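Beneath this line is the structure, given in structure tokens, with notes to follow.
Since this is a predicted model, take the numbers as computed values, not measurements. First listed ligand is number 1; within each ligand, the first listed atom is number 1.
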Amino acid sequence: MASFSKIRKAVFPVAGLGTRFLPATKSVPKEMLTIVDRPVIQVAVDEAKAAGIEHFIFVTGRNKGVIEDHFDKQFELEETLRARGKFDALEKLRKDLPAAGQTSFTRQQEPLGLGHAVWCARELVGGEPFALVLPDMLMQADPGCLSQMITAYEKHGGNVVAVEEVPKEDVSSYGVVGCANKTGDTFEITQMVEKPAIEDAPSNLIISGRYILQPEIFDEIAKQNPGAGGEIQITDAMISLMNVQQFFGCQFSGTTYDCGSKIGFLAANVAYGLKSEELGEEFRLVLNEILNKK
Ligand code: UTP
């Protein structure tokens, strides 16, 4: 098996405005909304940790300072919990705390699009391949989606994007990939189109929120002109990079919940609630009661 540089760093773009969740997101970042009892961003970090990521880079924006606080030690809270003998709660906090120096934060000063947010992390990533994780897209998978992608990357190298099937009539909302020969779960991508018309879509496989990218992507992003809505898109930069580097699609096994939309967020809470060791059984009963009410 060929050997490729280890993926050590993950970038989490969290500078979006979250307008679909107003008024909730007026003062609370949408990444801090909870899935059962964990903020969406924590669930994404958990997935990256499980995949062996050692450094977590957050591209934040105005009003997102609470995300930085979430990954810091809360000294007064911990002292109070200790004084009250709440050692289980303390242990929960300890387990999630990144080690000193394991996180970096930079700001995207204006929400100029996902591509631009990724570009803001260029100095922190440096010259090595990295993972890009969109925390909105919650993947319930075992092993995690990023772990499955790193396995594919260790075999093929290059760039890897997570893909999944959607009904053909939905392709126009996404980046869509095409391939010449798809025999397994990982395949070489020959075409990529952002939000195609249904008749122009090369397949019904969409790019779904996890990427492993080579550092040359930053130069490609820098060359992009703002597209729809004045935003700089990551897909356009990947299309340019495809001229000189290989891209692979990794059709992971698992379920995606788009927590950037209200319906996806509600569905994720139901799915994670039902799976919860602590609450699953009781939640199922409550849910059935609600569903059976006339
Ligand atoms: P979305 O397309 O969901 O946009 O971004 P949004 O602004 O967060 O939410 P809505 O559409 O207004 O409700 C996808 C991902 O890209 C990040 C978001 O934080 C999210 O993780 N993003 C988007 C940025 O970091 N900066 C941007 O300029 C745009």
Where do Asn159 and Ile217 land on the side-chain contact (heavy atoms from CB on, under 4.5 Å) test, with the steps shown first? CA-CA 10 Å; Asn159 302 267; Ile217 194 73; 5.7 Å; no
Indicate yes or no: does Arg284 engage Glu281 in a salt bridge with an N to O separation below 4.0 Å. no
For Asp46, check salt bridge (Lys or Arg N to Asp or Glu O under 4.0 Å) against everything at least two apart and list the hits. Arg38
Within the heavy-atom cut-off of under 4.0 Å, ligand 1 is lined by Pro13, Val14, Ala15, Gly16, Leu17, Gly18, Thr19, Arg20, Lys30, Glu31, Gln108, Pro111, Leu112, Gly113, Leu114, Ala117, Pro135, Asp136
Which residues satisfy the side-chain hydrogen bond (donor to acceptor under 3.5 Å, both in side chains) test with Ser240, sequence neighbours excluded? Gln224
Would you call Glu216 and Gln245 a side-chain contact if the rule is heavy atoms closer than 4.5 Å? yes
Among residues at least two apart in sequence or on other chains, which ones pass side-chain hydrogen bond (donor to acceptor under 3.5 Å, both in side chains) with Lys73? Glu78
